[in-house]
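Heads up: the structure comes next, in structure tokens.
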Amino acid sequence: MTAMLLDGKALAQKVRNRLKARIADLKKKTGEAPGLAYLVVDNDPVSAHYVAGKTRACEEVGVKSFVYPYPADMSERALLERIDELDIRPDVHGMLVQLPLPPQINVHAVLEHINPDKDADGFHPYNRGHLFSASPSIAPCTPKGIMLLLKENGIEVAGKRVVILGRSLVVGRPLSMLMLGADATVTICHRKTRNLPEITRSAEILVAAIGQPRFVTAEHVSPGAVVVDVGINVVDGKLTGDVDFDAVSEIASAISPVPGGVGPMTVAMLIDNTVSLFERRVLRGRPEKV
Ligand SMILES: NC(=O)c1ccc[n+]([C@@H]2O[C@H](COP(=O)([O-])OP(=O)(O)OC[C@H]3O[C@@H](n4cnc5c(N)ncnc54)[C@H](OP(=O)(O)O)[C@@H]3O)[C@@H](O)[C@H]2O)c1
């Protein structure tokens, strides 16, 4: 391997240490701790695994976690009512609904129902709108984590050609906005994109977020490019990214591994968002509803 490893696990630990100090300071000033609520419909093993990782990280830094598991056949109305209950709780500063949701629940209706001032994932259209208009907001955790992973590894984004594989509302689209805000020249690719390898080879920074194990091969990457692998796939019981790590790490200048790359950064950014929401509410007294 010749590429520099973008070690998200180590960086996320550093970020959590910083957050721990920030939270201790806030506790001294306010006598309160930030609280994050998780609404988990259909608490299957995968969702339970992700939520457990998030609550462990929260506990480490002093954020209180409130986990609410619900049955898979929960109605949309019932979920909206649970969100309302959490909205008026003064000890809950941020909340998130674990995705994906079962088919009887409209994900857009749910995300819109969360008070933007308690929107820890940054998925409410109000917060998305702020991101679109490049004004400060609560940004989605994975894209925010990717930007920090690049920055703290000394990788300049301004002026670079960035190619993002995947246009989801969770990763690809918000990342494109953050990259644009950081003065990159951005191309987003999806299933209908033609001549994909030609486009990806034009990237100085290539981000893969498609959910296709080892899809990105050496053929997709130009020598010296920075490659960020967002994918989380399970192959033969092992976590595997969207990038063929062994082959691509021989030609890239830097690459993030799976596991230990973007995943831990996402969790750290969730805590960062929760602390920001707490600060807004407790220190600046923002209104309950926007
Ligand atoms: N590390 C983390 O913290 C983290 C966080 C979130 C997600 N993830 C992982 O990242 C991956 C993507 O997640 P997501 O939520 O963004 O997924 P998603 O909602 O399924 O979106 C996948 C995107 O990839 C595109 N795509 C799929 N196959 C493609 C192909 N062969 N060529 C070109 N584009 C293709 C799709 O194109 P169309 O729009 O045309 O269908 C879509 O835009 C998954 O593995 C997920 O588990 C990781």
Side-chain angles (χ1 to χ4, degrees), residues 6-12 15-16 38 44-58 96-101 103 107-108 111 120-123 128 131 139-150 162-179 186-203 206-217 219-221 227-235 238-245 255-273:
L6 301 175
D7 185 346
K9 192 174 172 202
L11 177 56
V15 173
R16 290 200 302 276
Y38 309 72
D44 63 18
V46 177
S47 294
H49 171 81
Y50 282 126
V51 171
K54 292 172 190 174
T55 55
R56 252 198 321 275
C58 281
L96 65 86
V97 175
Q98 187 67 28
L99 303 179
L101 287 167
V107 64
H108 297 291
L111 296 179
D121 266 336
F123 291 160
R128 283 179 171 154
L131 190 63
C141 306
T142 302
K144 195 170 154 178
I146 293 168
M147 298 304 288
L148 192 63
L149 188 63
L150 294 173
V162 174
V163 175
I164 302 169
L165 288 183
R167 57 176 165 182
S168 75
L169 285 167
V170 176
V171 188
R173 285 173 205 238
L175 180 63
S176 71
M177 287 298 125
L178 291 178
M179 287 287 187
V186 187
T187 303
I188 309 178
C189 302
H190 45 79
R191 284 177 214 267
K192 296 274 170 71
T193 300
R194 280 179 283 161
N195 305 328
L196 194 74
E198 194 183 307
I199 296 172
T200 57
R201 276 199 302 270
S202 74
L206 175 63
V207 182
I210 55 176
Q212 306 283 341
R214 298 194 197 103
F215 178 92
V216 174
T217 61
E219 182 212 359
H220 293 89
V221 179
V227 178
V228 178
D229 190 351
V230 185
I232 300 178
N233 313 285
V234 181
V235 178
K238 267 185 71 182
L239 276 192
T240 307
D242 288 344
V243 177
D244 179 352
F245 184 89
I255 186 168
S256 71
V258 176
V262 174
M265 293 303 296
T266 297
V267 178
M269 293 303 100
L270 175 65
I271 301 171
D272 188 69
N273 279 353

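Order of listing sets the numbers, starting from 1, for every ligand and every atom in it.
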For this session: Might you point out which heavy atoms bring Arg201 and Glu219 nearest each other, and give the distance in Å?
Result: NH1-O, 2.9 Å
Exercise. Can a donor-acceptor pair be found between the side chains of Asp121 and Asn273 at a distance below 3.5 Å?
Worked result: no
Would you call [X] and [Y] a side-chain contact if the rule is heavy atoms closer than 4.5 Å?
X: Cys189; Y: Val163; answer: yes
X: Ile164; Y: Arg173; answer: no
X: Val216; Y: Leu206; answer: yes

Problem set entry | Identified side chain to side chain contact (heavy atoms under 4.5 Å, CB included) partner of Thr266 from the options Pro140, Pro143, Cys141 | Cys141
Problem set entry | Sorted by chain and number, the residues that approach ligand 1 to under 4.0 Å with a heavy atom | Thr142, Gly166, Arg167, Ser168, Val171, His190, Arg191, Ala209, Ile210, Gly211, Gln212, Phe215, Val230, Gly231, Ile232, Asn233, Val262, Gly263, Thr266
